[in-house]
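Bear in mind the structure is a predicted one, so any value in this text is a computation, not a measurement. Residue numbers start from 1 in every chain, and the chains themselves are labelled A, B, ... in the order their sequence lines are given, proteins ahead of strands.
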Amino acid sequence: MDNKDKIINLRNQAISKILTSKTKEELENLRIKFLGRKGEITQIIKEIPKLKEKEKAELGRLLNETKKIIEENIQKQKLSIDKSQNSQNNLVDVTLPGKKPPLGHLHLITYTIREITQIFEKLGFTRVRYPEVEWDWYPFEGLNMPQNHPARDEWETFFIENLKNSKYGLGVLTPHTSSGQLREMETTKPPIRMLNIAKCYRRQSDASHAPMFYQFEGLVIDKGISITHLKGTLDYFAKQYFGPQRKTRIRPFHFQFTEPSFEFDVTCIVCQGKGKLPNGQKCKVCKEGWMELGGSGMVHPVVLKNGGIDPGKYTGFAWGWGVERLFMMKYGIDDIRLLFSGDLRFLEQF
Amino acid sequence: MNILVPHSWIKEFLETSAKPEEIAKYLSLCSQSVEKITKTDNDYIYEIEITTNRSDCLSIYGIARELAVILPRFGIKTKLKKIKLGQIPENPVKNLPLKVKITKSSLCPRFTALIFDNIKIGPSPKIIQKRLKKVGIRALNNVVDISNYLMVELGQPMHTFDYDKVKKATMILREAKQGEKIITLDNQERILPQGTIVIEDGEGKIIDLCGIMGGQNSEVDENTKRVLLFVQTYNPAIIRKTCQLLSFRTEAAQRFEKGVDPEGVIPAIRKAILMFEENCNAKVASKLIDIYPNPPKPKKIILSSEKLNQVLGIPFSLREAGKILKSLGFETKLLKKKLQASPPHWRYEDINIAEDLIEEIARIYGYHLLPSELPSGKIPIKPVNKLLMWEEKIKDMLKYWGFFETVSYSMISKNWLETLKIPPEICLKISNPLSLDLEFMRPTLIPSLLNVIKENENWPEIKIFEISNIYLPQGKNQLPKEISTLSIACDGNSFFNLKGVVENIFKELQIENFNFEQKIPNSLFYSKIFSSSYRAKITVENSNIGFIGEIKTEVLNKFGIAKKVNIVELNLPEVIKFFNPIKKYSPISNYPPIIEDLAFIVNNQTKVGEVIQLIKQISPTIKSVDLIDVYKNTRTFRIVYQSYQKTLTDEEIKRIREKIVEILKKKFKIKLKS
């Protein structure tokens, strides 16, 4: 058999094998068998230099042609294998559950703290952390609430046994994040934009009060800070957190460490601020369409002084609100104690 | 403190067309918060929360006085009416005696008393009874009702004695000695703390627990003919302290401890005279006794225009400010760019500084009229708190590795401490805990996590974590250390799953030089609660950063947990110290890696971690070493060789392999499996 016949035989052999192959692996093996480095066609190509000039040209052409045909057939067969595989795939039950990577759950408090932080970070606030076990000075005395002041009644306080400092008083579990105000002033010169989110403790326990809870405290101190800035900042927060259609207002209130002091309200998310539900019943979530978010005020000059800041030069505002209150309003959770129970059926929902 | 205010009673002092909803709305916006309006037979009752600084609002008249200023600003015509008052006779027909001695004037800034004769005890007029009922007070008789009625109406608590029971017509106001006793009107014997303000009569009997409740021995009863009306103000701090020590608080005491206006005493007496005459047919039978040694001196507070504008955030004229203050009863004087103001007597204690004036001006002007603006100043440059940042990142990692985050109370019980073999004496103790379950500040998160596992015992596979502070005392005059701690717990045989989690956290933080050492110092409670085999101290560069272990069955039993539990506890600030912010870049080799699996026969002292560390150090050509199989005493390691310069030859690999075998044999006495 001369080379020419050999080539034609090889070609036919290849084509038939290619056309009957069923998988891509098979096809790849055939490609190697015929066209690979040690493949049969390649072997013949290697023989060419030994041939006469005339035969060289003819055989070369034939080989190229054969190579091309085999390659084309491999491509064609590949497509047809793909096609048939696809049609088989149509029979797969795609409603079978997927294979999931592990997925856990963060606590609702974590999500809310992150949301709060993100909103205030846009306004240049930085999150800080200060002691939970504090000297009386920071949550009380230094905040213009001397011993035996009736204002202290609002904070049912836990005391620590055998903990007392001659300068700063008794050791307590801080009942509010406002204790962070003086801590911040001691370490930072104005301008100050502080966000203190922390655990607080009070001697209380019912559906809406737990002995441990979270507050977020904001403190802004700079030259020329006014009530309008307090209104603007808190209004921005309420609209970001509850939605842009919310209205907000401040009302007079009293705290020893701010003057003037305010209560901050936002229009109710349940009755849309109407005070009445669509069925005509009174909204149970709010007071006449307004929900109280918490206290705020202009930092009292005595507090600025206690923090080493000149009240003649600087003014500031502050607020301290409950973290749980925010999401209890948002999600309609009615028992705060559920949050700390560790019930995985509850935690799984967030 | 919340008070009840009937609409009809306000109307006695207020000429207004305001509807109840308007009153509630505008009072809340500019003064005190109306918490609730209740409709009762043809009347509305407001429940109003009075802030501690506004004792002047703790009365019907006080609220009317506020409304008279506020309502006109909303375009509602309103006028405050004059209170009808009786006359104090200069020379009464009868002048019954009363000897008064006050041992210390600071106890009682103002002492007044007046005696009535010809009393006929009976029920009060219907309107009085009805009104008292509306504010939650039970009507008793025409005399006692007068004192309750006027406390509610004018905010001045008062007391009535049966004059004939005050022996020798003598009153000595003094501080009680420790342990003295009185039976109060509610028929309770009370043992008085040292310093309580009391009144003793001429026979040495204590007849009044001043400012809080009268004594039974001098009570007005159905046979009373002569009444001693007693109107005072007391030192608020002492009243407050006594109430706290006795755990007993009356409405009168709540008012006295917030401060009662001494200038309000005389109008209250004059109104009382009128009521005694009308309701009891009584006659004044003494001169007014009024001991008032130190009336407050007028206060002058200066407010600059600059300060006013700065705090309000808008330009505000001093003239307008002065007008508002005047409407609130202040005396004002316009100076050059300044306003001088003196508070009315009912605001004397509350108004002290310029900021107090600004609050008055702003609330009456209307907070709702002030614009809302974001602060425009410089944004402070403050570095990110790395601990807070990593806490959040680690929480995310754990969430996406299938863990649940839990948050539990920082306080735990003595019982839990003892179960974990932690001596309670070394922990921070709360002196007034809410319950024994919440008595100690936790020095570890482990018991809290064990409790969550117990509470969820039917959950198939528990993977939980918490990041919270632990509290470690540092002596009597130093605050405790609060250490942000990460604890992760898994049920079942999960020691190495947990170890893998820790290793992955380290990888994310690019911490490389960590070690797990089986030895935990005996002094630490971890050594007592972890099983003797599955336990390790975790260190980085010789710093101890945490502990991992399987909890002993005996500890689990005490928590009522039937399955195995592994826990790791990490000191986050220590971990983060080793965070390496710089990612190491190694160029990608153009030459193929050679992969080879080597099986070694080990003995029971062999530590695989150390073997891997050692192999890695043998040649820079060794790219990675992993344990891929464990079978009996055989450990198979997959070694990847790769060079940056060339394709490695069999001969080169062979040389490195021989070196590995030789060094492992020398160092660990382990042999290559043939």
Can you tell which part of [X] gets under 4.5 Å to a heavy atom of chain A, answering side chain, backbone, both or neither?
| X | answer |
| --- | --- |
| Ser435(B) | neither |
| Met389(B) | neither |
| Gln244(B) | side chain |
| Ile464(B) | side chain |

Against chain B, label [X] side chain, backbone, both or neither, depending on which of its atoms sit under 4.5 Å from a heavy atom there.
| X | result |
| --- | --- |
| Trp290(A) | neither |
| Arg249(A) | side chain |
| Asp222(A) | side chain |
| Ile192(A) | backbone |
| Val172(A) | neither |
| His300(A) | side chain |
| Glu259(A) | both |
| Leu234(A) | neither |
| Thr233(A) | both |
| Phe262(A) | side chain |
| Lys199(A) | side chain |
| Glu121(A) | neither |
| Pro301(A) | side chain |
| Pro191(A) | both |

Note: [X]-[Y] ion pair, threshold 4.0 Å (strictly below):
| X | Y | answer |
| --- | --- | --- |
| Lys36(B) | Glu288(A) | no |
| Glu392(B) | Arg114(A) | yes |
| Arg129(A) | Glu391(B) | yes |

Problem - Chi angles and distances behind the side-chain hydrogen bond (donor to acceptor under 3.5 Å, both in side chains) call for Gln310(B), Ser226(A) - result: CA-CA 6 Å; Gln310(B) 199 215 304; Ser226(A) 70; over 6 Å; no
Is the ring pair His105(A)/Phe404(B) parallel, tilted or perpendicular, if the boundaries are 30 and 60 degrees?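 Taking Phe404(B) first and then His105(A), their aromatic rings sit tilted (interplane angle of 30° to 60°).
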Heavy-atom check, side chain of [X] versus side chain of [Y], under 4.5 Å:
| X | Y | value |
| --- | --- | --- |
| Leu106(A) | Phe403(B) | no |
| Thr406(B) | Leu347(A) | yes |
| Pro102(A) | Tyr400(B) | no |
| Lys231(A) | Pro371(B) | no |

Between [atom1] of [X] and [atom2] of [Y], what distance do you get to the nearest 0.5 Å?
| X | Y | atom1 | atom2 | value |
| --- | --- | --- | --- | --- |
| Asn477(B) | Asn165(A) | CG | CG | 6.0 Å |
| Ile225(A) | Ser376(B) | CD1 | OG | 7.0 Å |
| Met441(B) | Phe158(A) | CE | CZ | 9.0 Å |

- Query: With distance as the sole test, does Asn456(B) use its side chain to make a donor-acceptor pair with the main-chain N or O of Leu344(A) at under 3.5 Å?
  - Reply: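 A pair under 3.5 Å: yes.
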query = Is there a donor-acceptor pair under 3.5 Å between the side chain of Asn432(B) and the backbone N or O of Thr157(A)?
reply = yes
Flag for [Y]-[X]: side-chain donor and acceptor within less than 3.5 Å:
| X | Y | result |
| --- | --- | --- |
| Tyr236(A) | Ser372(B) | no |
| Glu263(A) | Ser33(B) | no |
| Glu455(B) | Ser341(A) | no |

